[in-house]
Student: 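Shown below is the structure under consideration.
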Amino acid sequence: MSSTLSPTDFDSLEIQGQYSDINNRWDLPDTDWDNDSSSARLFERSRIKALADEREAVQKKTFTKWVNSHLARVTCRVGDLYSDLRDGRNLLRLLEVLSGETLPKPTKGRMRIHCLENVDKALQFLKEQKVHLENMGSHDIVDGNHRLTLGLVWTIILRFQIQDISVETEDNKEKKSAKDALLLWCQMKTAGYPNVNVHNFTTSWRDGLAFNAIVHKHRPDLLDFESLKKCNAHYNLQNAFNLAEKELGLTKLLDPEDVNVDQPDEKSIITYVATYYHYFSKMKALAVEGKRIGKVLDHAMEAERLVEKYESLASELLQWIEQTIVTLNDRQLANSLSGVQNQLQSFNSYRTVEKPPKFTEKGNLEVLLFTVQSKLRANNQKVYTPREGRLISDINKAWERLEKAEHERELALRTELIRQEKLEQLAARFDRKAAMRETWLSENQRLVSQDNFGLELAAVEAAVRKHEAIETDIVAYSGRVQAVDAVAAELAAERYHDIKRIAARQHNVARLWGFLRQMVAARRERLLVNLELQKVFQDLLYLMDWMEEMKGRLQSPDLGKHLAGVEDLLQLHELVEADIAVQAERVRAVSASALRFRDPGTEYKPCDPQLVSERVATLERSYEALCELAAARRARLEESRRLWRFLWEVGEAEAWVREQQHLLASAESGRDLTGVLRLLNKHTALRGEMSGRLGPLKLTLEQGQQLVAEGHPGAGQAAARAAELQAQWERLEALAEERAQRLAQAASLYQFQADANDMEAWLVDALRLVSSPELGHDEFSTQALARQHRALEEEIRGHRPTLDALKEQSSALPPALGRAPEVQGRVPALERHYEELQARAGERARALEAALALYTMLSEAGACGLWVEEKEQWLNGLTLPERLEDLEVVQQRFETLEPEMNALAARITAVNDIAEQLLKANPPSKDSIVNTQKQLNHRWQQFRSLADGKKAALTSALSIQNYHLECTETQAWMREKTKVIESTQGLGNDLAGVLALQRKLAGTERDLEAISARVGELNREANALAAGHPAQAPAIKARLGEVQAGWEDLRATMRRREESLGEARRLQDFLRSLDDFQAWLGRTQTAVASEEGPATLPEAEALLAQHAGLRGEVERAQGEYSRLRALGEEVTRDQADPQCLFLRQRLEALGTGWEELGRMWESRQGRLAQAHGFQGFLRDARQAEGVLSSQEYVLSHTEMPGTLQAADATIKKLEDFMSTMDANGERIRGLLEAGRQLVSEGNIHAEKIREKADSIEKRHGKNQEAVQQLLGRLRENREQQHFLQDCHELKLWIDEKMLTAQDVSYDEARNLHTKWQKHQAFMAELAANKDWLDKVDKEGRELSLEKPELKALVSEKLEDLHKRWDELETTTQAKARSLFDANRAELFAQSCSALESWLLSLQAQLHSDDYGKDLTSVNILLKKQQVRRPWLGKVNGRKEGGACSSCEWGGHLRPSQMTFSLVFLQAISMSVGVKSGDRNHTNFNKKKY
């Protein structure tokens, strides 16, 4: 232990030794002083006591001030060091302040037990800090022991104030203690000062010069050391102490009168001087740090200035770079050749004048940054790194971006220059192409303006082909026109500066091209109208011919002679109907196409509208008649099919019934079980088939009854066939029931025979197996046979139920079958075979067991023999060593051998048992068994004898060695105890001496009893060894004599000590018992006074059980308490000694503690019982809170669904959740009732229970309210989602209809009538769905009234729907008007086309060169001419009123009208010219027009 003590621990031991010497001197009995009557001795005694008291007072004052100087940090202080440290609280605070660590919290309470516990915590902490405490316990501090209290404080001062003191010297090889280091520091600091010689911590400080020298050394500005005089010690001390307190802030631990004495207290001075050391050491460190900081600051300021300069220059350069990049990236270049040339000249000026100075500035920045970083690195400072964006790399990147922008600017300027040059060339090429296109377009317009259609289909088709050739030529020329547009677009895309002129000329070309295409399209429309009319007439003729053919087929009287014929006719009729239905659309299409030519609004009509109407009406009447004929024929065919289907189904059913009757009438019942089962399966299938056919049969009969009820022409035949079928079905059911009974009886018989045959075959096989003589040739084969035989026995036992089942089957057979010879004697024969099998199986099992036992015995005997042979070889070669360690190794090997021998003995016993069992059966190999058994037993006995001999020799050698070792240890033990007894010689016989003796000899008597037992054991062991080893008996006896002699000396010493104590022995026993009882009482009070409360219900139950155990322990200690009180009263009776008074106080405290223990137990019992109830409540409360938390989580995380389906699902889920909440509500109400009961019983945790119960009740109520609110919100959300879904569906419907309404395919002027009819149906659908919109509107208004917060959303949705609906209606009405106008325009175009054809034919007649050959022919021609003039007037009136200028189709019809007018004027002119004979008039009219 001494090797691990620190220098401070040596100081502590030294100081504690001094305290022990002083107190031991004063603890001597008064009789020792009274024996010397010398007055000098009395004076010395009084003087020493006075000095000790004085020194103790100084130490107490100094230590108190030192403690208060540290406790001031936690706003705490002590008044009396002895009393204020007794409870341990201030001691714990002091250690926390000094160590800076957190110590365990002090135990609450003012009882002694609490004080002891607190002091124990402080002492335990000191032990953990490796502070050595000797002969010091917590009771010493609690009792206020002055000496040990001061020693404890001094130990703390050494550990936390002085231990860390160390002084650096040139030769620092020797490790000095803290005290020596502090003394050396004082000597170093006071060296050179006159009259100052510090060589200790007592007299060297009496004159105060040393204190002043230390202060002057560090703070010469505070005092004038030369003015101090050695003779004025009081002034010197006062001056130093006051300066230290006022100027340095050091607590004044000493007063001048404490130091200015003959022998100052060393500890007090060390404590005070240590405060100087710590203060000035800290001051020196601060001064050095200040100088270093100043130097570093200078360098830092210089570096900061350079950094700021770098930052400024870098910012300016980067700003110039960014601005320049923005300028260079400007791509708004001049849009002319001269402007681009000027910009290129400015760019060259920038590169040669503005850029070079900035490049030089960038290089200077790199040099500046390198300089800054070099300075900082030289000062061991953090190297400056410019912030992000100001790094050299950032500047280089910016410069690279500048150069990149510069390069891109140059490329852009040069590219723009080239582009402007190309644009000038492109503009010249555009002018050339535009001139050529204008000339070609003018010529073709003159060509297309002429019309020359024919009046027949072939002529019209030829005109169409000619027109297509013209169109092809024009379309082929479109590429050249587009080339002009492409050149103009390219010039516009390139932003050509004279683009307005280019655009005007390109527009002129496009206008000419568009007009030409309009003329071509108008001419093509007129041609297509004529062609379409001829095709419509051909379609009308084809449809009429087809209808006549279909009428002949539908009027056929053939309705079929049987069901297949009717089905074929129906299939043919379906094809005819399908053909008619297919032709319906064609009829409507042809009619609609034809009716377009009769529309009075059509300008151009290729034929008479009345003719078209008549043909369409004829076609529609023919089609309606055809549909009526088809419906009538289908009705006749359906009635015929019903009759023939009924007759066919009846015939099928009768045929099947007759077939099954024939099968059921068969007498066959099978020849064996397989046949019977097959027949049964067939019969079961037949019954299933009958059940399946019964339903269709009933339906068929019901159909026949329906035919009869309806009065069908074949009703009589149907009724007769139905009655016949019903009778045949009843006969079939009767036959099926009879056959089922016969087959069941046959199956029972054949099943019995099959089971009996199987049982008989199995018995024969089993008898063959159990009769086998094979028993195996070794252990493994015999075990395999035994396993097979056990399986066979299990199988035999398993067939017993089968045999019993055969008996039941035979008894269950019908009497006629049961009396058959193959049934009556079959079961008894099987019983006899089964009993024989059981007997033989038992015999074979016993034979196999005997064989297995024999093989097992032989195998085990061989294995045992091998083991014995191996171990014999080891024992024969074993020699016993002489050393104890080697003997112990051999003993360990013998210890492992013994379990192996026991296991082998058990195996040999098993072999003998097997052999005895085998010999009882008198087997054939009896001699072999006996020889093997004898040989094995003989070898085993020999081996055991050998092992026992070796073991006895080993045990003997070990016993002698252990005996000598125990003798040596016993002698050392007795010498140690003798020294302990002799060390108690200085103690007296008074109570104080007895107390000291009690501490010194606490375990001596117990050790003596143990030594006595040890000596007795050695005596018995020596006698046994001497008897067993005669050769070594003298040595054994000699060692025993030495031990006995030492024991007698020890006992004599103990007897002498006991005789010297006298009456103190009895007092010592009493004090020991008192200490033990007080220790037990303290422990019990600590356990009972524990304020530890259970944190869980299991802890509460465990604490209750532990508290009940303490009660039993207290009851058992009642007798010991009474005995100690009685003995204590006897010891202290009539005694006035202070120690006796103290003992009497201890007895009174013992009684008080005993009574208080009972009260404390009862109090804690009540608290624990209440805590148990409280913990039970908390457990249930935690469960309830968990349920409430989960409810709150669900309620708070339930989101409003976004669809109607999700809303319904969420409401259902919430209703299920509410059911669960109701079930949990019952549990919560039970918990609240239990909490109220605990509060009414006055539980110590009533307030917490009330708070917890109120919290749970409040949360439960809040959850109930929240779930109702959530349910309401979800229902409101469902209504909202319902409204939103209706709005969404209506919106989708409106969007879908809007697509239909926006269809503009009527521009093609094809099937306009059909499209008009569809549009009428579409408008009717809109009107029908207007109620849908009204319904959604009504729901939205109701929703807004119920929930005003949704008014904005509802209004927005409704406004959107109304807006869409209005737009849909507007679009629908516009489409209706467009369709109407298109239809009128189409009819007008047809009329124009017809008139144009008529006028062309008239023009051809007028162009005729026939002017008559004579007067008669001329008069005829004149009459024809007069007839044509009124017609031309009528046509002129229709022409004037035919154009529909108000409709949108007027623009499209004007070209046709112009063409028609031109033809009309030509005809009039020609007519006038013919009459007047002046053809020049015609030319004049054409020019005028």
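Model, not experiment: these values are computed from the prediction.
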Student: The criterion is side-chain hydrogen bond (donor to acceptor under 3.5 Å, both in side chains); which residues satisfy it with Arg634, sequence neighbours excluded?
Tutor: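 Per chain and number, Arg634 pairs via side-chain hydrogen bond (donor to acceptor under 3.5 Å, both in side chains) with Glu577, Glu638.
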Student: Restricting to pairs with a member in residues 1201-1221, which pass salt bridge (Lys or Arg N to Asp or Glu O under 4.0 Å), not counting sequence neighbours?
Tutor: Asp1208-Arg1278, Lys1212-Asp1216
Student: So, using salt bridge (charged side-chain N to carboxylate O under 4.0 Å, His left out) as the criterion, who are the partners of Arg586 when residues are at least two apart?
Tutor: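 For Arg586, the residues satisfying salt bridge (charged side-chain N to carboxylate O under 4.0 Å, His left out) (neighbours in sequence not counted) are Asp539.
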Student: How would you list all residue pairs meeting ring-ring contact (aromatic ring centres under 6.0 Å, His included) that involve residues 784-804, not counting sequence neighbours?
Tutor: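 Matches after skipping sequence neighbours: Trp762-His799.
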Student: Only pairs under 3.5 Å count here: list side-chain donor-acceptor contacts from residues 1221-1228, not counting sequence neighbours, and write none if there are none.
Tutor:
residue, atom, partner, partner atom, Å
Asn1224, ND2, Thr1220, O, 3.3
Glu1226, OE2, Arg1229, NH2, 2.5

Student: Show me the pairs that pass side chain to side chain donor-acceptor pair (under 3.5 Å) and involve residues 831-842, at least two apart or across chains.
Tutor: Ser771-Arg840, Arg800-Glu831, Lys807-Glu831, Tyr834-Gln838, Glu836-Arg840
Student: Once salt bridge (charged side-chain N to carboxylate O under 4.0 Å, His left out) is applied, do any residues pair with Glu585, and if so which ones, sequence neighbours excluded?
Tutor: Arg588
Student: Could I get the full list of side-chain hydrogen bond (donor to acceptor under 3.5 Å, both in side chains) partners for Glu737, not counting sequence neighbours?
Tutor: none
Student: Tabulate below the donor-acceptor pairs under 3.5 Å that side-chain atoms of residues 1286-1299 make, not counting sequence neighbours, or state none.
Tutor:
residue, atom, partner, partner atom, Å
Asp1286, OD2, His1282, ND1, 3.3
Glu1289, OE2, Gln1285, NE2, 3.4
Asp1295, OD1, Arg1364, NH1, 2.7
Lys1297, NZ, Glu1325, OE1, 3.4
Lys1297, NZ, Glu1325, OE2, 3.1

Student: List the residues meeting side-chain hydrogen bond (donor to acceptor under 3.5 Å, both in side chains) with Glu1276, not counting sequence neighbours, and say none if there are none.
Tutor: none
Student: Output all residues satisfying side-chain hydrogen bond (donor to acceptor under 3.5 Å, both in side chains) with Trp1332, sequence neighbours left out; order by chain, then residue number.
Tutor: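 By the side-chain hydrogen bond (donor to acceptor under 3.5 Å, both in side chains) rule, Trp1332 matches no residue at all.
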Student: Could you list the residues that satisfy salt bridge (charged side-chain N to carboxylate O under 4.0 Å, His left out) with Glu730, not counting sequence neighbours?
Tutor: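 Once residues adjacent in sequence are excluded, Glu730 has no partner under the salt bridge (charged side-chain N to carboxylate O under 4.0 Å, His left out) criterion.
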